[in-house]
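Here is the structure we will look at.
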Amino acid sequence: MSVNKEVKRVTTNTLQKMKNAGEKISMLTAYDFSFAKIIDSAGIDVILVGDSASNVMAGHETTLPITLDQMIYHASSVIRGVERCLVVVDLPFGSYQSNSDIALASAIRIMKETGAHSVKMEGGEEVIDSIRKIVSAGIPVMGHLGLIPQSIYKFGTYAVRAKGGTEADKLRRDAKLLEEAGCFAIVLEKIPAELAKEVSESLTIPTIGIGAGGDCDGQVLVMHDMLGINTEFKPRFLRQYLNIHELAVKGVQQYISDVKSGDFPNDQEQY
Ligand code: KIV
């Protein structure tokens with residue numbers, strides 16, 4: 001999409017100003033041109049091209065299978081649909097964990113080949129060198145702590161993380177490390193609301209929560225879940241705003257019935 005000079009774009013600075021002013025940040029996932037256009041025109045602040053594309057677009061059980069090339073395809077489609085919001089792209093599993101040179105190379109590919117504005121990475125201390133290197137190269141990085149789905153086989157469960165003890169202490173330390181390394185925001189996923197509040201208040205950069213309570217500086221949901229496109233995933237933290245699955249099934253059934261009965265196409269629907 002060509003740049004419309006009348007539209008004031010959301011940048012990482014905008015998000016910082018929003019936190020400073022106490023204005024909440026709205027973020028949703030998108031993976032394709034058409035939905036990115038809908039979400040951007042509705043006024044969202046941030047689109048995350050999440051590696052949840054592995055689940056909701058490709059039907060995989062986890063986020064692990066999606067590749068860097070596939071993320072680049074999704075992100076470049078999203079960018080073409082966006083005029084205003086900030087676009088963050090997940091670095092997928094395997095594209096940054098080996099070492100910081102590989103991580104930087106992956107982040108550079110995303111920025112060069114998609115036109116996106118920033119990347120997101122899961123983890124704290126373990127990936128801090130890579131985050132520092134990517135930030136030094138001028139690429140904005142969003143962190144992600146708590147339930148980090150790329151580590152699902154380490155956790156063995158999608159249950160709430162950091163309920164106390166050493167795991168909660170590590171999350172507090174990691175959040176500070178990410179801020180010091182130059183992250184512009186941090187996603188907090190599925191952690192106790194009390195801990196998310198404490199971390200959000202202790203950081204100067206914004207936190208974006210998913211299943212982390214109302215005291216984060218912003219909220220993110222997977223678009224397919226909140227619009228009811230995918231109706232099988234119903235965690236407690238999800239609010240479903242529409243039931244597009246039901247509407248779409250009704251529409252398709254009506255179409256089938258119209259084709260079978262000969263009602264479609266009618267005289268006006270032909271040449
Ligand atoms: O991939 C994704 O959609 C995410 C969100 C759940 C934060 O990382």
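Numbers here simply count residues along the sequence, with the first being 1.
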If you count the non-hydrogen atoms of other residues, nucleotides and ligands that lie under 6.0 Å from [atom1] in [X], is the total more than 12?
X: Glu232; atom1: CD; value: no
X: Glu194; atom1: CD; value: no
X: Glu61; atom1: CD; value: no
X: Phe35; atom1: CZ; value: no
X: Tyr158; atom1: OH; value: yes
X: Phe237; atom1: CZ; value: yes
X: Lys163; atom1: NZ; value: no

Rounded to the nearest 0.5 Å, what separation is found between the [atom1] atom of [X] and the [atom2] atom of [Y]?
X: Met121; Y: His144; atom1: CE; atom2: NE2; result: 13.0 Å
X: Ile72; Y: Ile110; atom1: CD1; atom2: CD1; result: 5.5 Å
X: Thr11; Y: Gln16; atom1: OG1; atom2: CD; result: 10.5 Å
X: Lys133; Y: Ile139; atom1: NZ; atom2: CD1; result: 12.0 Å
X: Leu247; Y: Leu227; atom1: CG; atom2: CG; result: 11.0 Å
X: Arg172; Y: Ser202; atom1: CZ; atom2: OG; result: 9.0 Å

Side-chain donor/acceptor of Glu167 to backbone N/O of Arg161, under 3.5 Å
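Checking the backbone N and O of Arg161 against the side chain of Glu167, no donor-acceptor pair under 3.5 Å is found.
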Under 3.5 Å, side chain of Arg84 to main-chain N/O of Ile44, donor-acceptor pair present?
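Yes, the answer is positive, given that a donor and an acceptor are paired below the 3.5 Å cut-off.
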Within the 4.5 Å heavy-atom criterion, are Arg9 and Thr14 side-chain neighbours or not?
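Result no, sub-4.5 Å side-chain heavy-atom pair not found.
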Would you mind reporting whether Leu171 and Asp174 have side-chain heavy atoms less than 4.5 Å apart?
no
Give the minimum heavy-atom separation between Ser52 and Val222, together with the two atoms involved.
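For Ser52 versus Val222, the nearest heavy atoms are OG-CG2, 4.0 Å.
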For Ile210 against Val187, the heavy-atom pair lying closest together:
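Heavy-atom minimum between the residues: CG2-CG1, 4.1 Å.
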[X]/[Y] ion pair, N-O < 4.0 Å:
X: Asp45; Y: Lys24; result: no
X: Lys176; Y: Glu180; result: no
X: Glu125; Y: Arg173; result: no

Could you walk me through whether His224 and Tyr31 satisfy the ring-ring contact (aromatic ring centres under 6.0 Å, His included) test, starting with their C-alpha distance in whole Å, then the side-chain angles of each, then the deciding distance to 0.1 Å, before giving a yes or no?
CA-CA 10 Å; His224 284 62; Tyr31 318 98; 5.6 Å; yes
Sort out for me which residue in Asp32, Thr29, Ile47 forms a side-chain contact (heavy atoms from CB on, under 4.5 Å) with Val78.
Ile47
